[in-house]
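In what follows, a single structure is set out as structure tokens and then discussed.
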Amino acid sequence: MNDTSKLNIAVVGGGPGGYAAAFLAADMGMKVTLIDPEVNPGGVCLYRGCIPSKALLHVAKLIDESRHAKNWGIEYGDPKIDVSRLRSWKESVVKKLTGGLGQLSKQRSVQYVQGKAGFVNSTTLSVAKSSGGDERLTFDRIILATGSRPAIIPSLKLDSPRVMDSTSALDLKDVPGTLLVIGGGYIGLELGTVYAALGTKVTVVEMMPGLLPGADRDLVLPLHKRLEKNLEAILLNTTVAAMKEESGGIKVTFDGPDVKEREKVFDKVLVSVGRKPNSELAGLEKTKVQVIQRGFIKVNKQLQTDDPNIYAIGDVAGEPMLAHKASHEGRTAVEHIAGHKVAFEPNAIPAVVFTDPEVAWCGLTETDAQKNGQEIRVAKFPWGASGRALTLDRTEGMTKLIIDPKTERVLGVGIVGVGCGELIAEGVVAIEMGALAGDLELCIHPHPTLSETIMEAAEVFYGHATDIYRPKK
Ligand SMILES: Cc1cc2nc3c(=O)[nH]c(=O)nc-3n(C[C@H](O)[C@H](O)[C@H](O)COP(=O)(O)OP(=O)(O)OC[C@H]3O[C@@H](n4cnc5c(N)ncnc54)[C@H](O)[C@@H]3O)c2cc1C
């Protein structure tokens with residue numbers, strides 16, 4: 001193991017990968033410099049990603065619930081939406097969290113440099129400081145955690161305030177009458193959900209035959225059904241061929257076999273067609289770091305690049321581009337720098353789509369098992385048989401376990417339903433601990449909760465679920 005107190009580390013980028021790495025390195029006794037253009041750490045996740053989107057989604061859920069409450073004999077009337085107060089509240093959440101990270105940074109004696117870093121060589125950075133001037137700093141090791149930015153389709157680039165990316169959509173300048181969301185991935189669906197709840201007529205266009213491409217279809221179906229009710233339209237197998245600004249909005253031309261209306265005008269358009277890694281660091285060519293397909297930085301299981309002094313973590317180092325993957329990679333990189341024998345080899349990185357209902361999965365998916373020709377058994381528990389789901393009036397959910405038929409080990413968990421983003425953590429623990437379906441069945445789950453559906457899916461696997469009856473064949 002290295003004498004960590006002698007190590008001088010730079011972390012470039014203050015997102016969940018970067019600040020987690022910087023704080024752990026400082027806790028392990030290293031001298032740490034954290035460089036980021038913002039006034040405090042936080043990165044995309046806190047400033048223009050996970051946190052502001054979830055704050056707005058919470059409000060969207062409240063609005064939807066209040067509308068739905070008339071089914072239970074309670075009427076609230078139409079909500080009055082004060083967009084500027086809503087925006088201020090969301091910004092206060094961001095400020096609180098990022099300010100807290102600034103404090104934590106100081107408490108750990110992490111040197112925080114506000115600016116943008118480029119390379120002079122493998123161990124020296126040149127930092128263009130936000131306050132002006134350049135500074136050259138030399139380190140033993142450098143961790144790149146520069147994250148990602150919204151991807152742009154050149155043919156759809158239109159310089160207009162009516163065309164938004166996820167960052168400007170979260171700014172919530174106004175509530176447009178109509179909005180086209182280009183891209184049916186999780187960011188487009190989450191932000192579309194927010195605007196729809198606020199009163200916008202939202203249309204989603206997706207070039208693939210289904211929403212959330214890559215996720216198991218049975219998990220997406222209940223979400224699709226609800227979105228069909230809450231959104232103006234979902235256009236699948238459809239691409240946007242052109243966009244043109246007109247006096248009244250953006251005229252969009254659609255293309256594809258299922259297109260019924262070829263041209264339509266929208267007040268605003270949100271382009272959410274994926275994210276691009278920030279790997280174009282100045283002077284990177286002066287190091288041995290390799291940039292591979294789609295612009296990701298090439299790393300090994302220790303998150304070390306082809307240049308042994310330089311590590312890369314988070315969105316810039318590959319899929320899945322998720323905050324919790326970034327911070328865990330940060331841990332591995334720092335521990336490796338400290339001389340520990342470590343590797344980033346998770347069996348389950350959870351994915352959560354915070355729509356309503358939520359969709360969550362971890363470990364092996366049915367889609368991937370089919371692609372790999374892997375033999376699996378799937379046990380599903382429908383939430384229509386869950387007491388808790390009935391009390392919430394949300395029975396469209398489903399919990400499924402993907403199980404190795406020979407060992408009975410849980411290989412994957414997929415859930416759709418309200419709040420399942422919290423439930424999926426049990427799946428992660430089960431997979432990482434090598435649990436068998438029988439372990440989940442025997443663990444006593446609290447009643448009445450949605451967590452019982454995981455236990456009951458395990459019971460389904462053994463053919464004796466208490467709350468559903470399947471006659472023996
Ligand atoms: C709308 C939206 C919602 C999302 N929701 C979720 C969610 O619910 N859950 C989830 O897990 N993930 C979510 N994500 C993804 C998540 O935000 C990213 O996976 C995560 O932020 C990646 O962390 P990171 O540390 O790799 O980099 P980032 O958070 O991207 O931070 C990188 C930082 O590096 C800085 N930087 C770049 N270049 C330099 C340089 N040369 N010098 C200094 N600093 C530099 C950037 O300015 C930035 O501050 C969401 C993303 C978006 C856009």
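Any value given below was found using the heavy atoms of this structure, including those in side chains, with hydrogens, waters and symmetry copies removed. No experiment lies behind these values; they were computed from the predicted model shown. Residue numbers count from 1 along this sequence. Both counts, for ligands and for their atoms, begin at 1 and track the order of listing.
- Scanning the protein heavy atoms around atom 27 (O) of ligand 1, the nearest turns out to be G147 CA, 3.2 Å.
- The closest protein non-hydrogen atom to atom 13 (C) of ligand 1 is C50 SG, 3.2 Å.
- At least one heavy atom of R275 sits closer than 4.0 Å to an atom of ligand 1.
- The shortest heavy-atom contact between K325 and G314 is NZ-O, 3.0 Å.
- Note that CD1 of I9 is 11.0 Å distant from NZ of K31, once rounded to the nearest 0.5 Å.
- Residue-ligand proximity, I35 to ligand 1, at heavy-atom distances under 4.0 Å covers atoms 43 (C), 44 (N).
- Ligand 1 is never approached by R149 to a heavy-atom distance shorter than 4.0 Å.
- Per-residue contacts place S53 under 4.0 angstrom from the following atoms of ligand 1 (heavy atoms of the residue considered): 3 (C).
- Heavy-atom proximity to atom 46 (C) of ligand 1, evaluated over D36, L281, D165, is greatest for D36.
- Contact annotation: for P150 versus ligand 1, there are no heavy atoms closer than 4.0 Å.
- Here the OG-CG distance, from S126 to D134, works out to 4.5 Å after rounding to the nearest 0.5 Å.
- Within the 4.0 Å heavy-atom criterion, neither part of E38 lies near ligand 1.
- Salt bridge status for E358 with K61: absent, with no side-chain N to carboxylate O gap under 4.0 Å.
- Residues meeting the side-chain hydrogen bond (donor to acceptor under 3.5 Å, both in side chains) test with T449, sequence neighbours left out: S451.
- Protein heavy atom closest to atom 34 (O) of ligand 1, with residue, atom name and distance, is G13 CA, 3.2 Å.
- The C45 neighbourhood of ligand 1 comprises atoms 17 (O), 21 (O), 29 (O), with distances under 4.0 Å to a heavy atom of that residue.
- Note: an N/O pair closer than 3.5 Å links K54 and ligand 1 by distance alone.
- In the vicinity of M321, heavy-atom distances shorter than 4.0 Å reach the ligand 1 atoms 15 (C), 19 (O).
- Pairs passing the ring pair (Phe, Tyr, Trp, His ring centres under 6.0 Å) check and including a residue from residues 130-180, sequence neighbours excluded, do not occur.
- S53 OG to I51 CD1: the interatomic distance, rounded to the nearest 0.5 Å, is 7.5 Å.
- Proximity to S148 (heavy-atom distance under 4.0 Å) selects the following atoms of ligand 1: 30 (O).
- Closest to atom 45 (C) of ligand 1 by heavy atom, among A117, P37, G314, S279, is P37.
- Residue contact check: A145 has heavy atoms under 4.0 Å from atoms 32 (C), 33 (C), 34 (O) of ligand 1.
- The ligand atoms of ligand 1 that sit less than 4.0 angstrom from a heavy atom of G15 are 25 (O), 29 (O), 31 (O).
- Each of the following atoms of ligand 1 lies closer than 4.0 Å to a heavy atom of V12: 40 (C), 42 (N), 43 (C).
- Note on R394 versus D356: salt bridge recorded, some NZ/NE/NH1/NH2 to OD/OE distance being below 4.0 Å.
- In terms of polar-atom proximity, defined here as any N/O pair under 3.5 Å, Y186 does make such a contact with ligand 1.
- Considering backbone and side-chain atoms together, A323 places an N or O closer than 3.5 Å to an N or O of ligand 1.
- We find that E38 and R48 are joined by a salt bridge, their nearest charged nitrogen and carboxylate oxygen being less than 4.0 Å apart.
- Put simply, OG1 on T399 and CG on L423 are 6.5 Å apart, with the number rounded to the nearest 0.5 Å.
- Taking distance alone, with nitrogen or oxygen atoms compared against 3.5 Å, G17 approaches ligand 1 more closely than that limit.
- The single protein non-hydrogen atom nearest to atom 29 (O) of ligand 1 is V44 N, 2.9 Å, given as residue, atom name and distance.
- The protein non-hydrogen atom at the shortest distance from atom 3 (C) of ligand 1 is G49 C, 3.4 Å.
- Here's the thing with L170: none of its N/O atoms is less than 3.5 angstrom from an N/O atom of ligand 1.
- Residues L180 and T203 meet the side-chain proximity criterion, which asks for heavy atoms closer than 4.5 Å.
- When only modelled atom types and interatomic distance are considered, D165 and S168 share a side-chain donor-acceptor pair under 3.5 Å.
- For the residue pair A430 and L440, the shortest heavy atom distance occurs at CB-CD2, 4.0 Å.
- Of the candidates S166, G42, P16, P16 brings a heavy atom nearest to atom 24 (P) of ligand 1.
- Looking at atom 26 (O) of ligand 1, its nearest protein heavy atom turns out to be D315 N, 2.9 Å.
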Can you check salt bridge (Lys or Arg N to Asp or Glu O under 4.0 Å) on E366 and R217, steps first, answer last? CA-CA 9 Å; E366 262 190 277; R217 292 302 90 195; over 6 Å; no

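- Which of L322, T146, L56, V353 comes nearest to atom 38 (N) of ligand 1 through a heavy atom is settled by distance: it is T146.
- The existence of a salt bridge linking E335 and R331 is confirmed by a sub-4.0 Å separation between a basic side-chain nitrogen and an acidic carboxylate oxygen.
- Residue G115 places a heavy atom less than 4.0 Å from ligand 1.
- How far CG of L211 is from CD of E228: 9.0 Å, rounded to the nearest 0.5 Å.
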